[in-house]
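So the structure is just underneath, and the comments pick up after that.
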Amino acid sequence: MAKKKYIIYTEDFFAQSSFFVAEHILGAYLVRRNGDHVIERMITEVEIYDGLDDRASHASRGITLRNKIMFGDPGYWYVYLIYGMYSMLNIVTREAGYPAALLIRGVEGASGPGKLTQLYNITRDFNGIRADLKCGLWIEEKGIKRTRYAIERGPRIGIDYAGEMWAQKPYRLCLRKRV
DNA sequence: GGAGTGATGACA
DNA sequence: GTCATCACTCCA
C-alpha cells in the first residue's frame with residue numbers, strides 16, 4: 001500500500017494571491033515540532049491583510065522596522081507582540097515587494113490568535129523565519145475531505161480604526177463543518 | 001464594560 | 001526624548 005504523501009507548503013505556494021492561499025490553508029495543519037514534542041492541528045480561521053491600500057494592515061503606512069517582513073519573501077513567519085502580552089502569528093504571502101500576510105487566528109480547539117500562539121509556544125523568535133521543517137513550525141496539507149466543510153466569510157476583528165470601508169471587507173475566513 | 005501589558009511608530 | 005495606540009483575553 002502506497003504511503004500517503006503530505007505537502008509542506010513553501011514559497012511558491014505562498015507567493016500566490018492572498019485569497020487563494022487563505023482558502024487553501026483552511027483545512028491544512030499548523031505543525032510545531034520542538035524536540036520530541038509535536039503539536040499539529042487543523043487551521044480553522046484566518047484573516048487577510050493585503051497590500052499598501054489596506055488601512056487595517058500594518059503595511060498601510062509604508063515599510064517600517066516591524067512590518068518589513070510583510071514586504072519580504074513569501075512563506076516566512078511574521079510574528080509581533082500586541083497589547084504587551086500576545087504574539088500574533090502571520091504567514092507572508094505574495095511576491096517580495098508586495099506587503100501581504102495572513103493572520104492565523106484559530107486552529108481546532110484553540111480560538112483566538114493569542115491563545116493559539118500560547119498553545120504552540122510561538123514567540124517573536126519566529127519573526128522573519130522561513131516556515132519549514134528546520135525551524136520547527138510549518139503548514140502541511142494532509143488532504144482532508146474539503147467537501148465536508150464550508151468556508152464562512154466575515155469582517156476582520158478589532159480593526160474598526162481602519163475606517164468603515166476596510167473594516168467591513170469580508171477578509172476573515174472560517175472553516176465550518178457542513179451539517 | 002474595563003484592565004493589564006510593553007513594543008512600536010509618529011512626532012518633536 | 002515623549003506619547004497614544006494596538007490584528008487580544010479575561011473577569012465582571
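Letters A, B, ... mirror the listed sequences (proteins, then strands); counts begin at 1.
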Exercise. How close or far is atom C1' of C/dC8 from atom CD1 of A/I104, stated in whole angstroms?
Worked result: 17 Å
Exercise. Centre of A/Y120's six-membered ring, under 6.0 Å away, within 45 degrees of the axis: is that where NZ or CZ of A/R41 sits?
Worked result: no
Exercise. Any donor-acceptor pair under 3.5 Å linking the side chain of A/R153 with the backbone of A/C174?
Worked result: no
Seminar exercise, completed: Sorted by position of nearest nucleotide on DNA chain C, 5' first, the leading residue of A/Y80 and A/Q118 is A/Y80
Exercise. Could you run down nucleotides 3-12 of chain B 5' to 3' and tag each one B, S or - for protein heavy-atom contact under 4.0 Å?
Worked result: -BBBSSSS--
Problem set entry | Rounded distance (Å) that lies between atom P of C/dA7 and atom OH of A/Y49 | 7 Å
Exercise. If pairs are Watson-Crick or G-U with both distances under 3.5 Å, what is the dot-bracket string of DNA chain C, marking crossing pairs with [ ] and pairs to another strand with |?
Worked result: ||||||.||||.
Exercise. Which atoms form the tightest heavy-atom contact between A/I43 and A/I25, and what is the distance?
Worked result: CB-O, 3.4 Å
Quiz: residues 71-84 of chain A side-chain donor-acceptor pairs under 3.5 angstrom, not counting sequence neighbours:
residue : atom : partner : partner atom : Å
A/W77   : NE1  : A/L137  : O            : 3.1
A/Y78   : OH   : A/H58   : ND1          : 2.7

Exercise. Contact class for A/L103 (heavy atom, under 4.0 Å): base, sugar-phosphate, or nothing?
Worked result: base
For this session: With sequence neighbours excluded, give me every salt bridge (charged side-chain N to carboxylate O under 4.0 Å, His left out) pair touching residues 83-99 of chain A.
Result: none
Problem set entry | Those residues that, when tested against A/S57, pass side chain to side chain donor-acceptor pair (under 3.5 Å) (two or more places apart) | none
For this session: Measure from the side-chain N and O atoms of A/T117 to the backbone N and O of A/S87, and report whether any donor-acceptor pair falls under 3.5 Å.
Result: yes
Identify all side-chain donor-acceptor contacts of residues 10-17 of chain A below 3.5 Å with residues at least two apart in sequence or on another chain.
residue : atom : partner : partner atom : Å
A/E11   : OE1  : A/R130  : NH1          : 2.6
A/E11   : OE2  : A/R130  : NH1          : 2.9
A/Q16   : NE2  : A/F13   : O            : 2.9
A/S17   : OG   : A/F19   : N            : 3.2
A/S17   : OG   : A/F20   : N            : 3.1

